[in-house]
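Chain letters run A, B, ... following the sequence lines, proteins first, then strands; residues in each count from 1.
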Number of protein chains: 2
Amino acid sequence: MLPQLLGYELRLAQQAVFRDFESSVGSLGISAGRVGVLILVEANPGIAQSPLALAVGLDRSSLVPLLDQLEEAGWLERRAGTDRRSNGLWLTPAGTKRLARVKTQVRAHEKRIAARLQPQERAELMRLLRLLAVTP
Amino acid sequence: MLPQLLGYELRLAQQAVFRDFESSVGSLGISAGRVGVLILVEANPGIAQSPLALAVGLDRSSLVPLLDQLEEAGWLERRAGTDRRSNGLWLTPAGTKRLARVKTQVRAHEKRIAARLQPQERAELMRLLRLLAVTP
DNA sequence: TATTGTTATACTCTATAACTATA
DNA sequence: TATAGTTATAGAGTATAACAATA
């Protein structure tokens with residue numbers, strides 16, 4: 001039964017891709033979740049914690065220790081936000097530099113994964129995955 | 001960058017499918033990992049712990065507490081194995097009965113997920129996922 | 001009253017290393 | 001020596017509930 005279930009095949013594929021990510025990008029000492037946060041902060045400079053938590057699918061309390069670590073590593077800063085309750089999140093110059101290197105590795109990882117498919121197969125896979133990802 | 005990465009789309013799709021699984025099959029009080037173990041033991045009665053751990057992608061030490069719980073629930077038994085070091089794993093009658101109900105829910109879950117795709121899209125997705133899941 | 005960030009706490013899942021009993 | 005199962009332990013990742021500051 002298992003080998004005919006979409007959820008099971010999804011999990012196996014995701015595990016395989018995740019393993020490749022960890023053994024390449026992960027060698028820079030950063031996890032997939034942290035990379036996602038850095039990329040989103042770079043793309044949305046000054047974003048507050050709550051909307052960022054929503055964007056990465058975490059509870060806002062779960063984001064706190066993650067941001068603490070990125071801040072301790074010197075890659076990210078909490079600055080004053082738009083009101084006095086919120087923090088604006090910004091990459092530091094060191095964070096921007098580190099992220100550039102990480103993104104190079106991410107691109108190599110993606111290329112390695114995509115090499116298992118024809119270009120049109122990759123596009124079709126993306127389309128089908130997005131059909132599944134809708135939350136009805 | 002994130003929204004164009006296969007790994008990211010895979011994770012989002014898997015999360016969506018997993019959420020549906022948890023809210024339907026999970027309401028029977030059993031996790032996806034446990035369902036996988038029960039299905040594999042049913043399909044391979046008398047299987048020992050080490051090959052089962054390999055099959056579900058866990059370390060054999062990680063399987064121990066999981067089997068403990070299934071045994072405490074009365075769904076699974078460790079019996080004498082082929083040699084005196086190993087255990088043979090078997091579903092109890094209660095476990096077989098429970099699994100039948102679980103599998104009914106799993107089928108309904110799968111049907112709900114597959115309904116987001118055309119039948120040939122589902123087949124194509126399975127094929128593409130298997131291409132990714134190969135461990136090179 | 002509602003929202004933002006934080007803390008304290010706990011739970012799940014998983015691995016590593018060391019142990020025992022067998023082989 | 002090698003294998004099967006177990007234990008002790010630790011770490012990552014995440015959530016819930018309650019709180020202070022601010023809106």
Salt-bridge criterion met for K103(A) and E42(A) (N-O under 4.0 Å)
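Salt bridge present between K103(A) and E42(A).
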
Under 4.0 Å between a Lys/Arg side-chain N and an Asp/Glu carboxylate O for E121(A) and R116(A)?
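Salt bridge flag = no for R116(A) with E121(A).
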
Take the protein atom [atom1] of [X] and the nucleotide atom [atom2] of [N], then report the distance between them rounded to whole Å.
X	N	atom1	atom2	value
N87(A)	dT4(C)	CG	C1'	8 Å
L52(A)	dT4(C)	CG	P	13 Å
F18(B)	dG13(D)	CZ	C1'	13 Å
R19(B)	dA15(D)	CZ	C1'	15 Å
L54(A)	dA15(D)	CG	P	12 Å
L67(B)	dG5(D)	CG	P	9 Å

Interatomic distance, W90(A) atom CH2 to I47(A) atom CD1 [nearest 0.5 angstrom]:
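Rounded to the nearest 0.5 Å, the CH2-CD1 separation comes to 11.5 Å.
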
Roughly how far, to the nearest 0.5 Å, is CD of E110(A) from CG of L6(B)?
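L6(B) CG to E110(A) CD: 4.5 Å, rounded to 0.5 Å.
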
Minimum heavy-atom separation for E71(B) to L76(B), with atom names?
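Nearest heavy atoms, E71(B) then L76(B): CG-O, 3.3 Å.
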
Does a side chain donor of either S31(A) or R34(A) reach within less than 3.5 Å of an acceptor in the other side chain?
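Looking only at side-chain atoms, R34(A) and S31(A) do form a donor-acceptor pair, the distance falling under 3.5 Å.
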
Should S50(A) be listed as having a side-chain N or O under 4.0 Å from OP1 or OP2 of dT3(C)?
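No, no such contact exists.
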
Sugar-phosphate atoms are those with a prime plus P, OP1 and OP2; base atoms are the rest. Using that split, label each nucleotide of nucleotides 13-23 of chain C B, S or - for protein heavy atoms under 4.0 Å, 5' to 3'.
SSBBB----BS

